Amino acid sequence: MSLDFLQQRISTQTARLGVIGLGYVGLPVACLFAEAGFNVVGVDLKAERVNAINAGISPIEGREPGLAELLATVVAEGRLHTTTQYADLHDCDVVTISVETPVDEQHVPQYVALRSALRDLGPVLQSGALIIVESTIAPGTMARLVKPLLEESSGKRANVDFYLGHCPERVMPGKLLANLRGVSRVCGGETPETAQTMIALYRHIVQADLDPADCVTAELVKTVENAYRDVNIAFANEVALICEAVGGDVWKVRELVNKSPGRMMLYPGAGVGGHCITKDPWLLAYEAWNKIPIRLIPAARAVNDGMPLHILKLLEETLEIAGKELEETRILVLGYAYLEDSDDTRNSPSEVLATWLREWSAEVLVHDPFVPGYQGNVLAMAQGCNAVVVMVKHTEYQNIDLRALRAALTTPIVVDGRGAFSAEQAQRAGLIYRRVGQG
Ligand SMILES: NC(=O)c1ccc[n+]([C@@H]2O[C@H](COP(=O)([O-])OP(=O)(O)OC[C@H]3O[C@@H](n4cnc5c(N)ncnc54)[C@H](O)[C@@H]3O)[C@@H](O)[C@H]2O)c1
């Protein structure tokens, strides 16, 4: 099948689509293409996930506006079917891949899932199909890993028997559908013609710019944008520590700094989590590591990774005011996801804090309205605790009755790692309150 013919099938929505990996990225992508009129088959290794989707139930628990409803509709209308069997991809004209791409403790990319997907896809790949990697990957991975592995597993030649592209995702949990529809994308093709075909495909679901590029540019753009965010958060966190040291208030400083033209300082916080920001800077640096000095990226990672420990220090200092040692306390940690109003707990800063607290022999309770196993009534859980630590700014926490919280606590301490409350609010409620970045 030529690219012209594929473009025709795409423009008439007669192309069959496959989506490999039905997580935070793949599931909404599959739903949106199905909504756009394509027949979509989704593949995931997790049978439980596949069964839930086929029953019209979204396996994503956090607040995801529109996703559960859209999923139920496209499944009921027969446009989305999911399976654990790669054989079901045999007649797909386009296959997107959105499997996880973590790094290990030495910051080396772990492409176990990507390799396995490419190995299993190859033998069933239809001639003329377009394969698009949506997972975030280190610059150079399309050329060094994806292309040769797919050629080997399929016995076919790239740009002759199949086409290859990289279109990294820019979604955030909590806004999956809105981001997919409204945020621009880079369509990196192995050839300019492939990039144009990708644009024709994504035009069915994206109402923002679709920029053609080559694969390495697409790989770079994605990893750079997340490294940029990590470095900027680290800057805000370092300023927060400086403010504490010199008796300033980072929240006020940030507000005033941002009145200066061209300044857009981010919020400080209790740490950076999730699947992306914690590893994409390492992906960006990976290939260049032994060629040039890479200093800023590791420094930013270290600052951000140090924030849960800093929150522990703030808690210790605040408990001291009430004459308490960590060892003899019961602490309620609010929020286990890494992001407000999400159920995504990957690389959760709260997990790091809870582990440290337990090492210090404190009794730890963790609450999160979105994470199974951690749900419950905040005030009931706070009963008899010595302190509450806010690690995630879930909407529910911002609406807590602080006077009732004070009444529930044995020592009225709140350490706020996210700026969920103001010092005035806390003072009015009679709390001993400490906010990150406030000296
Ligand atoms: N989560 C985000 O907000 C986000 C945003 C932008 C980019 N990304 C990138 O997108 C990729 C996917 O992220 P995610 O958050 O959707 O991950 P996820 O863990 O939520 O989903 C990945 C899915 O792939 C499945 N899977 C793993 N190996 C498989 C295989 N061989 N065959 C079929 N299915 C397989 C897993 O079972 C899982 O359901 C990553 O590279 C990530 O960096 C994620």
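Ligands are counted one by one from 1 in listed order, and the atoms in each one are counted from 1 as well. All values reported here derive from a predicted model rather than from experimental measurement.
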Considering only heavy atoms of [X], which atoms of ligand 1 have at least one such atom less than 4.0 Å away?
| X | answer |
| --- | --- |
| Leu45 | 28 (N), 29 (C), 30 (C), 31 (N), 32 (N), 33 (C), 34 (N), 35 (C) |
| Ser98 | 12 (C), 22 (C) |
| Ala113 | 27 (C), 28 (N), 31 (N) |
| Lys222 | 6 (C) |
| Lys46 | 37 (O), 38 (C), 39 (O) |
| Pro173 | 3 (O) |
| Glu169 | 6 (C), 7 (C) |
| Ile20 | 32 (N), 33 (C) |

Which residue and non-hydrogen atom of the protein lie closest to [atom], and at what distance in Å?
| atom | result |
| --- | --- |
| atom 38 (C) of ligand 1 | Asp44 OD2, 3.4 Å |
| atom 1 (N) of ligand 1 | Arg346 NH2, 3.5 Å |
| atom 16 (O) of ligand 1 | Val25 N, 2.9 Å |
| atom 13 (O) of ligand 1 | His275 CD2, 3.8 Å |
| atom 4 (C) of ligand 1 | Cys276 SG, 3.3 Å |
| atom 33 (C) of ligand 1 | Tyr86 OH, 3.4 Å |
| atom 5 (C) of ligand 1 | Val171 O, 3.2 Å |
| atom 7 (C) of ligand 1 | Thr136 OG1, 3.6 Å |

* Lys/Arg cation over aromatic Tyr267: Arg254, 6.0 Å, 45° cone ->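 Output yes; distance and angle both within limits.
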* Asked: Do Tyr338 and His275 have their ring centres less than 6.0 Å from each other?
  ->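 They do not qualify: ring centres at least 6.0 Å apart.
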* Asked: So, Phe38 versus His204, ring centres under 6.0 angstrom or not?
  ->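 Centroid distance Phe38-His204: below 6.0 Å, so yes.
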* Could you check Gln126 against Asp93 for side-chain hydrogen bond (donor to acceptor under 3.5 Å, both in side chains), going step by step and ending with a plain yes or no? => CA-CA 7 Å; Gln126 143 167 293; Asp93 304 292; 3.0 Å; yes
Would you say [X] and ligand 1 have an N/O pair spaced under 3.5 Å apart?
| X | result |
| --- | --- |
| Thr101 | yes |
| Asp344 | no |
| Ser116 | yes |

Does [X] pair with [Y] as a salt bridge, N-O distance under 4.0 Å?
| X | Y | result |
| --- | --- | --- |
| Glu35 | Arg181 | yes |
| Arg144 | Glu287 | yes |
| Arg170 | Glu225 | yes |
| Glu363 | Arg358 | no |
| Asp341 | Arg63 | yes |

Heavy-atom side-chain contact between [X] and [Y] under 4.5 Å:
| X | Y | result |
| --- | --- | --- |
| Val41 | Leu17 | no |
| Ile53 | Val50 | no |
| Ser342 | Phe370 | no |

* Which one of Lys279, Lys175, Glu100 has a non-hydrogen atom at the shortest distance from atom 43 (O) of ligand 1? ->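 Considering heavy atoms of Lys279, Lys175, Glu100, the nearest to atom 43 (O) of ligand 1 sits in Lys279.
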